[in-house]
Chemist: 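Structure incoming, see below.
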Amino acid sequence: MKVSLQRLPINRVTTDLLCVFVHQDPPLFRKEISALTKTLGAKISAAMNGDFRGKDGETAMAYIHKGARIQRICVVGLGEKRGLTIEKYRRAGATAAKKARSVKAKHAALFLPTLGAKAADVIYAVTEGAILSQYTFDKYITKNKESRSTLEEILIATNSGAIAEAGTGAVAQAHIVCEATALARDLANAPGIELYPETLAEAALESAKRSGYTATVKDEREILELGMGGVIGVSQGSRRPPRFIIMEYGKPSNRTVVLVGKGVTFDTGGISIKPAAGMAEMKMDMCGAAAVIGTFEAVARLRFPIHLVGLIPAVENMPGGNSIRPGDILRHYNGMTSEVDNTDAEGRLILADALAYAERFKPAAVIDLATLTGACVVALGHHATGMMGNDDRLMDALTAAGEKTYERVWPLPLFDEYEKLIKSDVADVKNVGGRWAGAITAGWFLKKFIGDYKWVHLDIAGTAILEEAGPYAPRGGSGVGVRLLTEFLRRWK
Ligand code: BES
Ligand code: MN
Ligand code: ZN
């Protein structure tokens, strides 16, 4: 999809669908509509007929005669001016672009007149909403291929010189970050028959080559030699061998950030097998890995002046004659042992190795992302990522990036009292903590394996896997983490 910004008066726009945004406040609304009507001919007010109020999410279509520069106009409501947020603009951008697709427009222009101080942020958000809303995962649907319509071009148009100036960079950057989010969604939605540790590693290698960073891949023998007993253990029930992916962007510095992503390409639960209902979702148990790959793609293409390392332990968790069993004890990269009480708590077993390995890079911060626990979905649903860690400033920075991108995070405590829930009689730690506080005991397990660095754990089990479509994402993989981390790293000094 082509996305660009142009400065031109509204009556000079040529497009299949012109989208304009109006407020709900009656005087403002009247002013906005009458200005439009004046420049475009008295078409809109007639079509509106008082039915349309400019409510948040509301739209009205008006049609211009054939052969006109503009074929149709879509008026998109923003809701009341008081209480208008950046997220509302993001959703309005999505509403406009979805409307464009539904009328099979190939070209849509989103017109933004004057905006005030937050112009660049508004343009960034509108562009994001518009692009993200067009994502579909339909490559395996063979029916009606021809009649399916895709929007080929989005033009952000403005008559304001100031906005054009502020917005050009914003549109280009938003476009890159949204493409990186779409990559993460594609990886998430890919079925397990196609996406397994080796092909996930290939995807990272391809992204690295395309975008300007490096990726190296450790195979099973090398993982064994490194002593990553968690990765080896979880993967050994599968015919698909594990991979350990190491990514690097930028020049080594004393402000290195390490991103760690859970890469379970399919999670059956192993011998502690999951129930059949809903198990298909577990093809998305590599969303942490997808977020890391997507973030690398964005950061490299945007040429951020930072040093970034990515670590992805990639495995398939299957039951089989060679699977690990409840009661088994694994030895991790740092020499610590864990008792496997439940083979379905596999994510923490592979992350333990990766988090211990992260110490090698002397990082200033380590952030891991994982679809780690159903308990986190019970606690926060699909609207907030669970956040735990050992450094308040790092967590504050992620909270701020979450507010900005609307990929919001919410803290859960790692109080000392929770530690004893994962005490083992036979090993250094047990991989499950019983019925209560499941997201926290998982976080505590990880905490046992971190090195001497500042660390944040993000449990994205609810936010990465959408059971229902969101305002700018279909159901399935949301690509969560890419926009959050890119925003966090944009601010990283
Ligand atoms: N991948 C799952 C967690 C999950 C559940 C992610 C639902 C997304 C949606 C994880 O490996 C898992 O199975 N966790 C178990 C842990 C339990 C055995 C302690 C869980 O949450 O039930
Ligand atoms: Mn599991
Ligand atoms: Zn899992």
Side-chain angles (χ1 to χ4, degrees), residues 188-189 192 195-197 200 230-231 233-235 237-238 242 260-291 312-319 323-328 330 338-352 354 368-386 388 412 418 421-424 429-446 457-468 475-478 480-481:
N189 292 329
L195 195 90
Y196 43 91
L200 181 62
V231 179
V234 174
S235 72
S238 171
V260 178
K262 171 177 171 180
V264 176
T265 57
F266 196 87
D267 181 13
T268 63
I271 295 301
S272 315
I273 197 161
K274 288 180 181 295
M279 199 201 275
E281 273 192 0
M282 286 300 114
K283 70 174 185 178
M284 291 182 268
D285 207 17
M286 32 52 69
C287 282
I312 296 172
V315 299
E316 183 178 57
N317 188 21
M318 292 290 250
S323 291
I324 50 166
R325 343 149 169 67
D328 281 354
L330 305 176
S338 64
E339 177 193 354
V340 180
D341 197 32
N342 187 321
T343 64
D344 197 11
E346 82 299 338
R348 63 200 78 183
L349 297 172
I350 65 170
L351 290 169
D368 77 72
L369 298 98
T371 46
L372 203 59
T373 66
C376 191
V377 192
V378 172
L380 299 173
H382 295 283
H383 301 294
T385 291
M388 286 146 265
L412 295 170
Y418 293 108
L421 298 176
I422 50 169
K423 221 177 118 6
S424 165
V429 63
K430 192 169 64 172
N431 81 329
V432 292
R435 190 158 153 68
W436 312 119
I440 292 171
T441 50
W444 242 112
F445 183 96
L446 300 182
H457 159 56
L458 299 174
D459 193 331
I460 56 172
T463 48
I465 302 173
L466 300 180
E467 285 165 7
E468 276 170 38
R475 65 189 293 265
S478 69
V480 77

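Index from 1, following the sequence. Numbering of ligands and ligand atoms starts at 1, following listing order.
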Chemist: Under 4.0 Å from a heavy atom of A461: which atoms of ligand 1 are those, numbered in the order shown and with their elements?
Modeler: 6 (C), 8 (C)

Chemist: Is there a donor-acceptor pair under 3.5 Å between the side chain of D328 and the backbone N or O of V340?
Modeler: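 Answer holds: no.
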
Chemist: Less than 3.5 Å between some nitrogen or oxygen of R348 and one of ligand 1, yes or no?
Modeler: no

Chemist: Rounded at 0.5 Å granularity, tell me how far CG in D344 sits from OG in S272.
Modeler: 6.5 Å

Chemist: Going by the order shown, which atoms of ligand 1 are within less than 4.0 Å of some heavy atom of T371?
Modeler: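 Listed by number with element: 1 (N), 2 (C), 3 (C), 6 (C).
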
Chemist: For H382 and L466, indicate whether the former's side chain and the latter's backbone hold a donor-acceptor pair under 3.5 Å.
Modeler: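 Not at all, since once roles are kept as given, no pair shorter than 3.5 Å links the two residues.
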
Chemist: What part of R435 sits under 4.0 Å from ligand 1 if we count only heavy atoms: the side chain, the backbone, both or neither?
Modeler: neither

Chemist: What are the atoms of ligand 1, with element, lying closer than 4.0 Å to any heavy atom of N342?
Modeler: 18 (C)

Chemist: Spell out, as yes or no, whether a donor-acceptor pair under 3.5 Å connects the side chain of S323 to the backbone of M318.
Modeler: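 Checking the backbone N and O of M318 against the side chain of S323, a donor-acceptor pair under 3.5 Å is found.
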
Chemist: Any N/O of K274 closer than 3.5 Å to an N/O of ligand 1?
Modeler: yes

Chemist: Before giving the answer on side chain to side chain contact (heavy atoms under 4.5 Å, CB included), spell out for N189 and M284 the whole-Å C-alpha distance, their side-chain angles and the decisive distance to 0.1 Å.
Modeler: CA-CA 6 Å; N189 292 329; M284 291 182 268; 4.0 Å; yes

Chemist: Which of the numbered atoms in ligand 1 are below 4.0 angstrom from a heavy atom of V432?
Modeler: 19 (C)

Chemist: Work out which heavy atom in L330 is nearest to a heavy atom in G233; give both atom names and the distance.
Modeler: CD2-CA, 4.2 Å

Chemist: Do T371 and I465 pass the side chain to side chain contact (heavy atoms under 4.5 Å, CB included) test, and can you show the C-alpha distance, the side-chain angles, and the key distance before you say yes or no?
Modeler: CA-CA 8 Å; T371 46; I465 302 173; 4.2 Å; yes

Chemist: Please check: side-chain N/O of S338 versus main-chain N/O of V429, any donor-acceptor pairing under 3.5 Å?
Modeler: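 No, S338 side chain to V429 backbone: no donor-acceptor pair under 3.5 Å.
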
Chemist: At a 4.0 Å threshold, what atoms of ligand 1 neighbour a non-hydrogen atom of E346?
Modeler: 11 (O)

Chemist: Assess the side chains of T268 and N317: does a donor N or O sit below 3.5 Å from an acceptor N or O?
Modeler: no

Chemist: Closer than 2.8 Å to the Zn ion (ligand 3), which protein N, O or S atoms?
Modeler: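 Hits for the Zn ion (ligand 3) below 2.8 Å: K262 NZ, D267 OD2, D285 OD2, E346 OE2.
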
Chemist: Considering only NZ, NE, NH1 and NH2 on the basic side and carboxylate oxygens on the acidic side, decide whether K262 and E346 come within less than 4.0 Å.
Modeler: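 Looking at E346 together with K262, the answer is yes, because their closest N to O distance falls below 4.0 Å.
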
Chemist: For T373 and ligand 1, does the shortest N/O to N/O distance drop below 3.5 Å?
Modeler: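 It does not: no N or O of T373 is found under 3.5 Å from an N or O of ligand 1.
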
Chemist: Tell me whether T385 contacts the main-chain N or O of D459 through its side chain, where contact means a donor paired with an acceptor under 3.5 Å.
Modeler: no

Chemist: With carbon and hydrogen excluded and only N/O/S kept, which atom of E346 is nearest the Mn ion (ligand 2)?
Modeler: OE1

Chemist: Would V260 and I312 count as a side chain to side chain contact (heavy atoms under 4.5 Å, CB included) if you check the C-alpha gap in whole Å, the side-chain angles of each, and the deciding distance to 0.1 Å?
Modeler: CA-CA 6 Å; V260 178; I312 296 172; over 6 Å; no

Chemist: What is the distance from atom CG of N431 to atom CZ of F445, rounded to the nearest 0.5 Å?
Modeler: 6.0 Å

Chemist: Tell me the contacting part of N317 for ligand 1: side chain, backbone, both, or neither, using a 4.0 Å heavy-atom threshold, strictly below.
Modeler: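 For N317, there is no contact with ligand 1 at all, from either part.
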
Chemist: Could you pull out the atom name of the N/O/S atom in D267 that is nearest the Mn ion (ligand 2)?
Modeler: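 The nearest such atom is OD2.
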
Chemist: Answer yes or no: does an N/O atom from G374 fall short of 3.5 Å to an N/O atom of ligand 1?
Modeler: yes

Chemist: Does atom 22 (O) of ligand 1 have a protein heavy-atom neighbour under 4.0 Å away?
Modeler: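 Protein heavy atom within 4.0 Å of atom 22 (O) of ligand 1: absent.
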
Chemist: Taking both backbone and side-chain atoms into account, decide whether D344 has an N/O/S atom under 2.8 Å from the Mn ion (ligand 2).
Modeler: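 D344 does place an N, O or S atom closer than 2.8 Å to the Mn ion (ligand 2).
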
Chemist: Does ligand 1 have any atom that is closer than 4.0 Å to a heavy atom of K262?
Modeler: yes

